[in-house]
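Worksheet for the structure shown next.
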Amino acid sequence: NRTISSHDLDIDTNLIFDDFLKSTYRKNTVWLDSKNINRVENCNYAKNWLNKFSNNFKSLLVELPTSSINTLEDENWVKCIKSIDLIKNVEVGYYLDTSLLKRCSDDLKEKILSSSNCKKLNKQTTEILDILNIRSITFDFSLGKTAVESDKDFKKLKWHVWHVDSVKDINDLIIRQNIGIILVRNDKHLDNLN
């Protein structure tokens, strides 16, 4: 019954996110890595929380876990996610399957142009995006750049990325028409960009 700031329950930081709302950082953009929003009960909790607190932020990105693909049959869950996406300053993005993304990128680097991994990634991703009517994806840029940049459907989407580790990639992303949040890799050569 609380919103915590942690990447994982096992390493809970004891930072209650509601306390963040009382801080001076309120009018920022926040990326919510919503690990367990793929269950209806948790989605409804998130929807209620977002309806109550979203105005405290410039914008919020709610990242759906990859496992959400298994919840598409649940009409109540789909309805809940669509309701969250309708909140004016909230955007819902789908977290691309990292292992499949990496396999697809590796296949393309090996010149396997009709990769079954790439086909599966596209099919799985477009299915959930179409059902939920969302147009944002989140992915590890260092692993998925090749796969995402090579897919005509993914090029049309808004990207939210992390592990960007070169100034050239940052510059290319910044001039891209449809980029959301860019999280650069912590690196001594990129300190001026963090």
Side-chain angles (χ1 to χ4, degrees), residues 1-23 25-102 120-141 143-144 148 153-154 157-163 179-183:
N1 291 324
R2 62 190 180 131
T3 306
I4 61 171
S5 178
S6 177
H7 197 262
D8 182 312
L9 284 176
D10 295 336
I11 52 172
D12 183 353
T13 62
N14 291 317
L15 174 62
I16 308 302
F17 198 74
D18 294 347
D19 294 341
F20 178 79
L21 298 173
K22 300 170 192 164
S23 75
Y25 294 101
R26 291 171 53 161
K27 285 295 180 184
N28 283 299
T29 297
V30 174
W31 183 326
L32 297 174
D33 181 356
S34 308
K35 297 252 184 262
N36 62 355
I37 200 171
N38 57 327
R39 295 192 345 232
V40 174
E41 178 183 13
N42 294 338
C43 184
N44 284 321
Y45 176 80
K47 179 179 70 172
N48 293 336
W49 189 91
L50 289 163
N51 277 320
K52 185 176 179 181
F53 294 113
S54 66
N55 288 331
N56 291 329
F57 301 93
K58 181 177 178 182
S59 64
L60 289 152
L61 171 65
V62 176
E63 181 182 54
L64 298 180
T66 302
S67 59
S68 297
I69 194 81
N70 301 320
T71 317
L72 287 176
E73 299 292 320
D74 189 328
E75 292 178 25
N76 291 322
W77 180 80
V78 169
K79 182 178 175 184
C80 179
I81 295 298
K82 287 181 175 183
S83 295
I84 288 173
D85 196 47
L86 289 174
I87 300 171
K88 69 176 179 149
N89 62 332
V90 175
E91 181 174 353
V92 175
Y94 176 64
Y95 180 1
L96 297 184
D97 182 328
T98 302
S99 62
L100 192 54
L101 189 65
K102 182 178 181 334
K120 182 177 179 183
L121 177 68
N122 179 287
K123 182 180 185 299
Q124 179 178 299
T125 304
T126 54
E127 177 184 12
I128 193 166
L129 295 178
D130 289 347
I131 289 172
L132 297 175
N133 197 29
I134 58 176
R135 296 291 167 248
S136 287
I137 54 175
T138 67
F139 62 96
D140 183 326
F141 191 76
L143 296 177
V148 174
D153 294 323
F154 294 166
L157 302 171
K158 187 170 186 179
W159 300 354
H160 303 276
V161 298
W162 66 96
H163 285 163
I179 192 71
I181 301 171
I182 303 170
L183 300 176

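Side chains are part of it too, since the values below use all heavy atoms of this structure and drop only hydrogens, waters and symmetry mates. None of the values given here were measured: they were computed from a predicted structure.
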message = Using side chain to side chain contact (heavy atoms under 4.5 Å, CB included), reason through Leu32 and Ile37 one step at a time and then give a plain yes or no.
response = CA-CA 10 Å; Leu32 297 174; Ile37 200 171; over 6 Å; no
request  = Evaluate the side-chain proximity of His163 to Leu143: yes if any heavy-atom separation is below 4.5 Å, no if none is.
outcome  = no
query = Is any side-chain heavy atom of Ile128 closer than 4.5 Å to a side-chain heavy atom of Gln124?
reply = no
message = Any side-chain to backbone donor/acceptor pair from Asp85 onto Ile81? Under 3.5 Å, distance only.
response = no
query = What class does the angle between the rings of Trp31 and His160 fall in, given that below 30° is parallel, 30 to 60° is tilted and above 60° is perpendicular?
reply = perpendicular
inquiry  = Distance check, rounded to the nearest 0.5 Å: Leu100 atom CG versus Lys123 atom NZ?
reply    = 12.0 Å
ask   = Where is the tightest heavy-atom contact between Gly93 and Leu61, given as atom of each residue plus distance?
value = N-CD1, 3.9 Å
query = Is the shortest heavy-atom distance from the side chain of Lys58 to the side chain of Leu60 under 4.5 Å?
reply = no
ask   = Taking it one step at a time, do Phe139 and Thr98 satisfy side chain to side chain contact (heavy atoms under 4.5 Å, CB included)?
value = CA-CA 7 Å; Phe139 62 96; Thr98 302; over 6 Å; no
query = Within the distance-only criterion (no hydrogens, no angle test), does the side chain of Asn89 pair as donor or acceptor with the backbone N or O of Ser54 below 3.5 angstrom?
reply = yes
query = Can you tell me if Ser67 uses its side chain to pair, donor with acceptor, with the backbone of Pro65 under 3.5 Å?
reply = no
ask   = Between Trp162 and Tyr95, is the ring centre distance below 6.0 Å?
value = yes
key: Test item: Asn55 and Lys88 side chains (from C-beta on) under 4.5 Å apart, heavy atoms   = yes
note = Taken to the nearest 0.5 Å, the spacing of Ile134 CD1 from Lys158 NZ works out to 12.5 Å
request  = Could you give me the CA-CA distance, side-chain angles and deciding distance for Phe141 and Ile182, then say whether side chain to side chain contact (heavy atoms under 4.5 Å, CB included) is met?
outcome  = CA-CA 9 Å; Phe141 191 76; Ile182 303 170; over 6 Å; no
task = Hey, could you give me the CD1/CG distance between Ile137 and Leu101, rounded to the nearest 0.5 Å?
result = 8.5 Å
key: Chi angles and distances behind the side chain to side chain contact (heavy atoms under 4.5 Å, CB included) call for Val90, Val62   = CA-CA 7 Å; Val90 175; Val62 176; 3.7 Å; yes
request  = Look only at the side chain of Trp159 and the backbone of Phe154, and say whether a donor-acceptor pair between them is shorter than 3.5 Å.
outcome  = yes
inquiry  = Any heavy-atom pair between the side chains of Cys43 and Ile84 that's under 4.5 Å?
reply    = yes
query = Mind checking whether Val78 and Leu132 have side chains closer than 4.5 Å, heavy atoms only?
reply = yes
key: Thr66 side, atom OG1; Asp97 side, atom CG - distance, nearest 0.5 Å   = 5.0 Å
message = I need the Arg135 CZ to Asp130 CG distance, nearest 0.5 Å.
response = 5.0 Å
task = Supply the atom-to-atom distance Asn42 CG to Trp77 CH2, rounded to the nearest 0.5 angstrom.
result = 12.0 Å
